[in-house]
There are 2 protein chains.
Amino acid sequence: MLAKAVAILRAFAVDDTDLSLAELVRRTGLHKATAFRLCAQLVELRLLEKSAVGYRLSAGMFELGMRASVERSLLELAMPFLQDLYERTHEVVHLGVREGHEVVYVAKLGGHRQVRSPSRVGGRMPLHCTALGKAFLAYDADLRREVLGGPLTRRTPHTVVEPRRLSRQLATVRQQQVAFEREESALGLTCVAVPVLDRLDRPYAAISLAGPTTRFRPENHQHALRAAGAAVGALVARRQSTSGDGMSAPGTSPGR
Amino acid sequence: MLAKAVAILRAFAVDDTDLSLAELVRRTGLHKATAFRLCAQLVELRLLEKSAVGYRLSAGMFELGMRASVERSLLELAMPFLQDLYERTHEVVHLGVREGHEVVYVAKLGGHRQVRSPSRVGGRMPLHCTALGKAFLAYDADLRREVLGGPLTRRTPHTVVEPRRLSRQLATVRQQQVAFEREESALGLTCVAVPVLDRLDRPYAAISLAGPTTRFRPENHQHALRAAGAAVGALVARRQSTSGDGMSAPGTSPGR
DNA sequence: ACGAGCGTATCGTTGAGCGAGACGAAGTGC
DNA sequence: GCACTTCGTCTCGCTCAACGATACGCTCGT
């Protein structure tokens with residue numbers, strides 16, 4: 001029953017606003033009466049709200065999401081540095097964590113003329129075709145083995161789908177301490193990223209800059225990015241060593 | 001059963017990270033076995049994760065929260081303007097929506113030396129003692145009646161708890177089109193806010209700047225704030241008139 | 001050595017969730 | 001104007017899964 005309720009909540013995609021009961025039934029495969037009852041309960045619990053055209057995720061849901069400890073505290077720690085980055089470059093700045101074999105965007109700063117990028121806060125992208133993802137892969141051997149073992153889905157003509165070539169790229173990432181992505185997840189989009197390493201040098205998060213290939217020169221921003229990554233990493237490490245458990249990293253769960 | 005699960009999720013406060021099972025039992029009043037079972041299920045559903053010391057809200061929760069339509073789209077619309085504000089002022093910038101008789105913070109931009117402010121993204125504050133809240137109250141007669149009717153809780157010696165005095169302040173807000181708060185929610189903190197009005201001139205959200213009373217001169221930022229509020233309002237209105245229902249505002253539910 | 005507090009597991013009972021189905025309203029095509 | 005579909009809402013028995021009492025093993029602190 002809980003599972004069904006969550007299925008309803010998860011039926012909402014990143015760019016959905018309102019879904020009708022019928023649409024929810026279609027997406028979840030639940031019985032109409034069941035979905036109806038659950039929706040009513042979720043409204044009661046203020047996770048959904050009923051709108052003119054159907055149901056939508058409510059502010060209560062947003063609130064709960066923002067209480068997710070890892071993401072929220074990471075966000076608070078990193079925001080000042082992300083803002084600095086934006087102010088210096090005026091390019092799109094991303095902050096992401098890993099969950100399974102995907103990166104989840106935790107923050108996105110960008111100007112009025114945002115690149116038509118596929119990223120959205122709360123959205124997901126595969127690891128192997130994004131700069132953020134490569135930053136995670138380069139610094140996590142276990143993860144690398146898993147991902148290089150599985151299939152690498154192609155997103156654009158430039159996506160690196162050959163494991164050996166990707167592996168070589170990742171070695172370069174470790175050398176240079178920056179990861180690049182050149183139109184591998186979306187055409188026209190170039191990215192550069194650094195990992196945020198925790199106390200044990202595991203990638204805790206990653207920060208990237210993105211811009212249109214035509215104009216964006218990732219090399220110009222390597223230094224600033226590395227500095228930001230290191231600074232946030234230091235803060236994360238400090239927080240870990242003082243008040244804390246010590247051994248839990250975000251997103252330890254395997255692939256979805 | 002759903003209700004109990006949500007109770008567990010809601011047991012996590014804004015600044016909790018990990019809660020033990022015992023602590024969850026204490027806060028929710030649930031039976032130990034029940035809480036245990038529900039936590040296991042929630043972990044299964046990837047809304048919770050088990051850490052070394054207990055449970056924490058997971059990235060899956062964050063993801064869901066970010067799919068909340070009103071907050072997410074508002075965030076995307078407003079972010080560029082909030083960044084401009086920050087860049088111009090280098091003061092703490094807030095974006096909030098209303099839910100019931102409280103304001104929920106949707107975004108917060110601030111520098112490295114953030115004011116020791118009580119606001120956190122996803123957190124709540126009463127309407128009557130914050131600049132953001134006054135922006136909502138000033139532009140919503142029904143709401144104003146409700147709040148002025150009820151008790152106004154005192155947060156600091158400067159909190160305005162006299163309905164008539166607050167009412168006069170709100171009239172001034174409408175005249176000047178900016179709301180002020182001077183140490184009414186926290187000592188040492190001064191704020192100034194504007195509403196984001198939708199197509200029907202209802203307050204859809206609000207934007208504020210905050211800083212330490214010692215240094216922060218809210219008057220200097222009125223113009224920039226008003227401009228930002230109007231710009232975001234225009235975007236909101238445009239989105240409403242094109243693809244949309246037309247009649248739903250965020251937080252239509254009455255008090256908590 | 002002892003007891004308190006905690007997480008985990010078992011189990012019988014029962015109440016709550018389930019899906020089939022009915023129904024009215026609103027829309028669509030002819 | 002009528003037949004037909006789609007949608008949201010509600011009712012009602014049946015069954016299964018959620019519930020809480022209880023027990024157990026573990027780790028502390030004293």
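We use all heavy atoms of the structure for the numbers below, so side chains are in, but hydrogens, waters and symmetry mates are not. A note on names: the letters A, B, ... follow the listed sequences, proteins ahead of strands, and every chain is numbered from 1.
Using five terminal pairs a side, the axes of the helix from C:dA1-D:dT30 to C:dC30-D:dG1 at its two ends make an angle of 50°, given in steps of 10 degrees.
In terms of the ring-ring contact (aromatic ring centres under 6.0 Å, His included) criterion, residue partners of A:Tyr105 (sequence neighbours excluded) are, by chain and number, A:His94. The side-chain hydrogen bond (donor to acceptor under 3.5 Å, both in side chains) test applied to B:Arg67 returns no partner, not counting sequence neighbours. For B:Arg145, the salt bridge (charged side-chain N to carboxylate O under 4.0 Å, His left out) criterion is met by B:Asp142, not counting sequence neighbours. In this structure B:Leu77 satisfies the side chain to side chain contact (heavy atoms under 4.5 Å, CB included) test together with B:Leu235, B:Val236, B:Arg239, sequence neighbours excluded. Taking the ring-ring contact (aromatic ring centres under 6.0 Å, His included) definition, one finds that A:Phe81 meets it with B:His112, sequence neighbours left out. The side chain to side chain contact (heavy atoms under 4.5 Å, CB included) test applied to A:Ala22 returns A:Ser20, A:Arg26, not counting sequence neighbours. Among residues two or more places apart in sequence or in another chain, the side chain to side chain contact (heavy atoms under 4.5 Å, CB included) test is passed with B:Asp15 by B:Ala13, B:Arg120. With sequence neighbours excluded, the residues that form a side chain to side chain contact (heavy atoms under 4.5 Å, CB included) with A:Arg144 are A:Ala141, A:Leu148, A:Leu170, A:Arg174.
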List, one per line, each side-chain donor-acceptor pair under 3.5 Å for residues 27-34 of chain B, sequence neighbours excluded.
from	atom 1	to	atom 2	distance (Å)
B:Arg27	NE	B:Glu23	OE2	2.8
B:Arg27	NH1	B:Ala11	O	2.9
B:Arg27	NH1	B:Asp16	OD2	2.7
B:Thr28	OG1	B:Leu24	O	2.7
B:Thr28	OG1	B:Leu30	N	3.3
B:His31	ND1	B:Ala33	N	3.0

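Remark: C1' of D:dA18 and CE of B:Met1 are 7 Å apart, rounded to the nearest angstrom. Remark: P of D:dG8 and CG of A:Asp18 are 12 Å apart, rounded to the nearest angstrom. Atom pair A:Leu21:CG and D:dC7:C1' shows a separation of 8 Å (rounding to whole Å applied). Look at CG on B:Leu24: it is 12 Å from P on C:dC6, rounded to the nearest Å. Protein atom CZ of A:Arg27 is 13 Å distant from nucleotide atom P of D:dC7, rounded to whole Å. Rounding to whole angstrom units, CG of residue A:Leu30 and C1' of C:dG19 are separated by 11 Å. At whole-Å resolution of the value, CD in B:Glu23 and C1' in C:dG7 are 15 Å apart.
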Practice task
Tell me, with the steps shown, if A:Glu76 and B:Lys108 meet salt bridge (charged side-chain N to carboxylate O under 4.0 Å, His left out).
Solution key: CA-CA 9 Å; A:Glu76 291 180 354; B:Lys108 175 179 184 173; over 6 Å; no
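Of the candidate nucleotides C:dG17, C:dT8, D:dG8, D:dG8 has the atom lying nearest to any side-chain atom of A:Ala22.
Less than 4.0 Å separates DNA chain C from at least one heavy atom of each of the following residues of residues 3-12 of chain A: A:Lys4. For residues 32-44 of chain B, proximity to DNA chain C is found at B:Lys32, B:Ala33, B:Phe36, defined as any non-hydrogen atom under 4.0 angstrom from a strand atom.
Using a 4.0 Å cut-off, no side-chain N or O of A:Arg26 falls inside it from OP1 or OP2 of D:dT6.
Closest heavy-atom contact between B:Ala193 and B:Leu132: CB-N, 3.6 Å.
Both A:Tyr55 and A:Leu2 sit near DNA chain D, but only A:Tyr55 has its closest nucleotide nearer the 5' end.
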